[in-house]
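Report on one structure; see the data block that follows.
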Amino acid sequence: METFDHLRSPHGFVLFTLLATISKGLACEAPSSPQCFRRNEEESVYICEWGFDTNESDVTFDLYFHDIIGSVSKFMNLKKNRTEIIEEKLTVGYKIDFWVDARAGNSSCTSPRRSGVLVDSVKYDAPQNISVFWSGNNLSLSWLAAEEHPALAEVWFRQYEHPTESWEKRLINTTDEASMYKVIVVNLLKNSAYQIQIRHQSMKAKNSLWSSWSPVIIVPAELEHKPEVSSKIKFVSHTRQVTLTWKSAPRAATLSGVKYRLNDTQSSRGCPCKKKSRETSTNSYTFYVSYSAVNITVIARNAAGESPQAIIQVPAASAADLKICDKSLLNKTIKKRTCLEFYELQDADLKPESVMTLTARKQKKEKQKINKTMKDFTRYLYFEHRCDDGKPQKVKMCLFYKKEGVPNKEPKDFAVVAETQNSASLSWKGISHEHLRGFLTHYNLCSVKISSQDGKKECFNVSASATKHHLKGLTPGTKYNISLAGVTQAGEGPLATQTITTSPEKPINVWLSFGLLLAFFLLSTCCTVVLKRIKSKIFPPVPIPVIQDFTPRPPESETTESVFWCPQQEMWERKEEVHELTLHQIVSEQKSVSEETSSFRREWVDRTDERSEAERTDSTRSDDERSSLDSAGQMLRRTQMTEPERVENELAMLIYKNGLVFDEKSESPNQSDC
Ligand SMILES: *[C@@H]1O[C@H](CO)[C@@H](O)[C@H](O)[C@H]1NC(C)=O
Ligand SMILES: *[C@@H]1O[C@H](CO)[C@@H](O)[C@H](O)[C@H]1NC(C)=O
Ligand SMILES: *[C@@H]1O[C@H](CO)[C@@H](O)[C@H](O)[C@H]1NC(C)=O
Ligand SMILES: *[C@@H]1O[C@H](CO)[C@@H](O)[C@H](O)[C@H]1NC(C)=O
Ligand SMILES: *[C@@H]1O[C@H](CO)[C@@H](O)[C@H](O)[C@H]1NC(C)=O
Ligand SMILES: *[C@@H]1O[C@H](CO)[C@@H](O)[C@H](O)[C@H]1NC(C)=O
Ligand SMILES: *[C@@H]1O[C@H](CO)[C@@H](O)[C@H](O)[C@H]1NC(C)=O
C-alpha cells in the first residue's frame with residue numbers, strides 16, 4: 001500500500017492541503033489523504049487510493065471531490081481503500097480538493113484533504129516482467145514499458161551474499177524500445193549474484209509519482225563457462241545410445257535455478273525422428289542418435305543468460321568395411337518414418353561436408369532435386385534410417401557413387417627399390433577419394449624391360465588395400481619400367497612409373513675370383529719366402545768372389561787396414577766368423593808390411609780402436625810409401641804369415657768362406673750406414 005512518505009513531486013506542483021482530522025467517533029483512526037492519478041498519460045480512468053488501518057470488519061469509505069466553484073462530487077459506500085473513476089465523473093483539468101471519510105460502526109473519521117490537478121498526476125504500475133542479462137560486468141535490466149516515453153528508474157541492488165549490507169541506489173534514465181524499458185547498471189561483478197528492486201516514474205507528467213517497488217529479484221552470476229560435458233556412446237541394436245553428463249555450474253550462477261538445453265543436428269533436421277525439446281535441470285541426459293555423424297550441443301541457462309555452448313562431435317559409426325551400394329537405391333520408394341541421408345565425403349575420415357536428406361514426404365520432388373545436385377564421380381556415404389519408438393534405427397549403410405569414373409591421379413609416392421638381382425620392393429600411398437572418382441577394385445602393376453627388343457609388358461592385379469608389393473622373377477642386369485595404376489569399374493587411372501635396373505648376374509663370382517686371386521698371390525709370396533729360408537739352410541750359398549774395383553780413392557779416405565761388417569745384413573751377422581786370409585804383399589815394397597799386418601785371427605774388434613790404430617800407422621808412413629800404396633790400388637792387405645807365399649805385383653787375394661765379406665772400401669766414418 002502506498003504510504004505518505006512515497007508521495008513526492010519532482011516539479012513541486014502539487015499543493016498539499018492538510019486539514020485537521022475531524023473525529024466524530026471514538027474508535028476511529030483517520031485514513032491517509034487519498035492520491036488520485038492515472039496509470040499513464042493515455043488513460044482516461046483515474047485511480048484513487050488511501051491508507052487505512054483498522055480491526056473493524058465492516059468499514060465503508062466516502063470519497064469527496066470539491067472544486068473551486070463549489071460543486072462537490074461524492075462517491076459513497078466504497079468497500080475498499082482504492083477505487084477507479086472514469087474521467088467524465090470528475091473535474092480533471094482544474095485544481096480540486098479531495099478527501100475520504102471512513103465509517104466503522106457508529107464512528108466515522110475523515111482524512112486530511114489534498115488538492116491538485118488530477119490530469120497532471122501519473123503513477124505507473126510497478127515494473128513487471130523484469131529480465132536481466134549480463135554483458136561483461138554490466139547488468140542489463142529490462143521490463144515492460146508503462147508508456148511510449150522513456151521513464152526515470154531507480155535501481156536498488158546489493159550482493160546476494162551480503163544481505164545485511166545497505167542497498168546501493170542508482171537513478172537511471174531508461175531507454176525504451178519495443179515497449180520495454182531498459183537500463184544498464186554498470187560496474188557490477190558478473191560472477192556474483194545480486195538482489196535487485198526497481199521502481200520507475202514518468203518523466204513527462206507534471207506530477208509524476210513513483211511507482212510501487214518491483215518485488216526483489218535475484219540476479220544469478222553469469223554462466224561464464226560452457227558446461228564440461230563427458231559423453232558415453234553405446235551401440236544398442238542398430239542405434240546409438242548417448243549419455244551425457246556434466247558438472248554443475250558455480251552456486252552463484254544457479255541460485256535462481258539453472259536448466260540445461262540439449263540440441264542435436266540429427267533431430268533438428270527431423271531425420272528420422274521428429275525434433276524434441278530436451279531440457280533438464282539434472283546433470284545428465286540419455287538419448288538416442290543414428291549411425292550418421294551428429295553434433296550435440298549443451299547450453300546451461302539461468303535467469304541472467306546462457307552459457308557458451310558445449311559441442312560434442314560424435315563421428316559416424318565405424319565405416320571400415322563398407323560395401324558399395326546397389327545402384328538402384330535411389331529408385332526405391334521410401335517408407336513412412338524412414339529417411340535417407342547422402343553425405344558427400346571429401347576425405348578418408350568420412351567427414352560429412354554436406355548432407356542431402358530424403359524423407360517419405362514429398363519424396364518424388366526431393367529425389368529429383370537430389371538427382372540434380374548429386375555429383376558424378378563423388379563418394380557419398382549412404383544411410384537409411386527409420387524412427388522406431390522414438391529411436392533412430394539403422395537400416396542400411398554403404399558407399400554410393402552416382403556414376404563412377406577412372407582415377408585422375410596416380411598412386412602417390414610410388415617408390416621402387418631393386419632388392420636382389422631378380423626382385424624389387426615396391427611401395428606407394430593410396431589415391432585420395434577425391435581423385436579416385438570411383439570404387440577402387442584393385443591396382444594394376446606392370447613391368448616392362450626397356451633394354452630388350454621384345455619389351456613385353458607383364459601385368460598383374462594387386463589388392464586395393466595393398467600399399468606395398470614384392471616383385472619377383474626379374475631378369476638380372478636389366479632395366480625395367482615399373483608402373484602402377486588404380487583401377488575402378490570405369491577403368492584404369494594414370495600410371496605412376498619408376499625405372500630400375502636389376503643388379504648383374506652372379507656378382508658374387510667376381511668377388512670370389514678376386515678373392516681367390518688374392519689368396520693365391522699371398523700364398524705364393526709366402527711360399528717363396530719360406531722356400532728361400534729353407535734353401536739357405538739346406539744349401540748354404542756359394543760365396544761369390546768379390547772383385548774389387550780399382551777406382552782411385554781420395555787420399556783422405558785412404559785406409560789400408562779395415563774390416564767392416566754391415567750390421568744390416570742379418571743373414572751374415574749370425575755366422576760371423578773369421579777365417580784365415582792371406583794377404584800377399586807387393587814385393588817391391590820397401591818397407592816391411594809386417595808392421596801393419598798381423599795375425600788376423602781374431603773375433604770382433606772395436607771399430608774405433610781399429611780406426612785409431614790405422615791412423616797411427618798412417619802417420620808413421622812416409623809419403624813414398626803412401627804413393628806406392630796408391631799405385632797398388634788401395635787394397636787391404638792381410639797376410640797370414642804362417643805360410644809365406646810369393647805373389648808379384650798383384651793385389652791381395654781374398655778368400656771368403658761361409659759368407660764373410662771384407663770390404664776394404666769402407667773407410668769413411670759413416671760406413672756404418674751401409
Ligand atoms: C449505533 O447507534 C444506534 C442508534 O443511533 C444504536 O442503536 C446502536 O446500538 C449503536 N451501535 C454501536 C455499535 O454503538
Ligand atoms: C509477464 O509475466 C507474466 C507472469 O509473470 C506473464 O504472464 C506475462 O505473459 C508476461 N508478459 C510478457 C509481455 O512477457
Ligand atoms: C559497461 O558499461 C561501460 C559504461 O557504459 C562501458 O564503457 C563498457 O563498455 C560496458 N561494458 C560492456 C561489456 O558492455
Ligand atoms: C534523465 O534525462 C533528463 C533529460 O531528459 C536529464 O535532465 C536527467 O538528468 C537525466 N537523469 C539521469 C539520471 O540521467
Ligand atoms: C559438427 O561441427 C563441426 C564444427 O563446427 C562441423 O565441421 C561439422 O560439419 C558438424 N557436423 C555435423 C554433423 O553437423
Ligand atoms: C619407360 O618409361 C619412360 C618414362 O618414365 C618412357 O619414356 C619410356 O618410353 C618407357 N619405356 C618403355 C619401354 O615403356
Ligand atoms: C584383374 O582383376 C580384374 C577384375 O577383378 C580382372 O578382370 C582381370 O582379369 C584381372 N587381371 C589379371 C591380370 O589377373
Side-chain angles (χ1 to χ4, degrees), residues 8-13 39-41 122 124-133 138-157 167-187 196-208 210-219 256-257 301 303-305 323-324 404-407 411 426 431 436 438-448 456-466 469-473 482-493 495:
R8 211 197 298 171
S9 163
H11 309 285
F13 205 79
R39 278 202 181 96
N40 59 52
E41 298 267 0
V122 171
Y124 295 156
D125 285 340
Q128 290 169 50
N129 299 61
I130 299 168
S131 57
V132 292
F133 185 75
N138 297 346
L139 183 68
S140 158
L141 302 167
S142 60
W143 60 93
L144 286 177
E147 58 182 345
E148 272 179 26
H149 310 286
L152 179 68
E154 186 174 3
V155 181
W156 287 13
F157 59 90
W167 295 95
E168 266 194 71
K169 299 166 189 180
R170 290 203 193 155
L171 272 177
I172 309 164
N173 280 350
T174 69
T175 54
D176 81 312
E177 47 190 56
S179 63
M180 296 294 279
Y181 284 156
K182 192 174 159 191
V183 296
I184 293 173
V185 186
V186 299
N187 297 330
I196 276 190
Q197 54 179 334
I198 311 166
R199 61 178 183 172
H200 55 176
Q201 70 174 17
S202 166
M203 290 213 299
K204 202 179 169 222
K206 281 182 180 154
N207 177 28
S208 75
W210 277 115
S211 73
S212 307
W213 284 100
S214 72
V216 173
I217 56 163
I218 294 166
V219 178
S256 56
R301 205 156 51 102
K323 299 280 183 309
I324 324 169
E404 282 190 66
V406 299
L426 283 59
I431 307 165
L436 212 45
F439 207 83
L440 187 75
T441 55
H442 60 277
Y443 289 104
N444 192 16
L445 176 65
C446 295
S447 64
V448 58
K456 221 182 111 198
K457 209 176 186 182
E458 279 181 45
C459 293
F460 46 91
N461 288 351
V462 176
S463 153
S465 58
H469 188 78
H470 193 72
L471 189 60
K472 283 181 221 148
I482 313 273
S483 68
L484 186 76
V487 184
T488 65
Q489 274 189 341
E492 191 181 299
L495 305 173

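The first residue of the sequence shown is numbered 1, and numbering continues consecutively from there. Order of appearance sets the numbers: ligands from 1, and atoms from 1 within every ligand.
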*asked:* Could you tell me, atom by atom, which parts of ligand 4 come under 4.0 Å of a heavy atom of Asn173?
replied: 1 (C), 2 (O), 3 (C), 8 (C), 10 (C), 11 (N), 12 (C), 14 (O)
*Distance filter under 4.0 Å to Leu171 heavy atoms, resulting ligand 4 atoms*: 13 (C)
*What about the rings of Tyr181 and His149, do their centers lie closer together than 6.0 Å?*
no
_Do Ser211 and Gln201 make a side-chain contact, defined as non-hydrogen atoms from C-beta onward lying under 4.5 Å apart?_
no
_CA sep, side-chain torsions, deciding dist, call: His200, Trp143, side chain to side chain donor-acceptor pair (under 3.5 Å)_ = CA-CA 10 Å; His200 55 176; Trp143 60 93; 3.0 Å; yes
Check: every ligand 2 N/O to protein N/O pair under 3.5 Å:
| from | atom 1 | to | atom 2 | distance (Å) |
| --- | --- | --- | --- | --- |
| ligand 2 | 2 (O) | Asn129 | OD1 | 3.0 |
| ligand 2 | 2 (O) | Asn129 | ND2 | 2.2 |
| ligand 2 | 11 (N) | Asn129 | ND2 | 2.6 |
| ligand 2 | 14 (O) | Asn129 | ND2 | 3.1 |

*Flag the pair Arg39 and Asp125 as a salt bridge only when some basic side-chain nitrogen lies within less than 4.0 angstrom of an acidic carboxylate oxygen.*
yes
_For Glu148, is the CD atom crowded, meaning more than 12 foreign heavy atoms sit under 6.0 Å from it?_
no
*Is the closest side-chain heavy-atom distance between Phe157 and Arg170 below 4.5 Å?*
yes
*Is any side-chain heavy atom of Val219 less than 4.5 Å from a side-chain heavy atom of Leu139?*
yes
*Using a strict cut-off of 4.0 Å, indicate which atoms of ligand 7 neighbour a heavy atom of His442.*
1 (C), 2 (O), 3 (C), 4 (C)
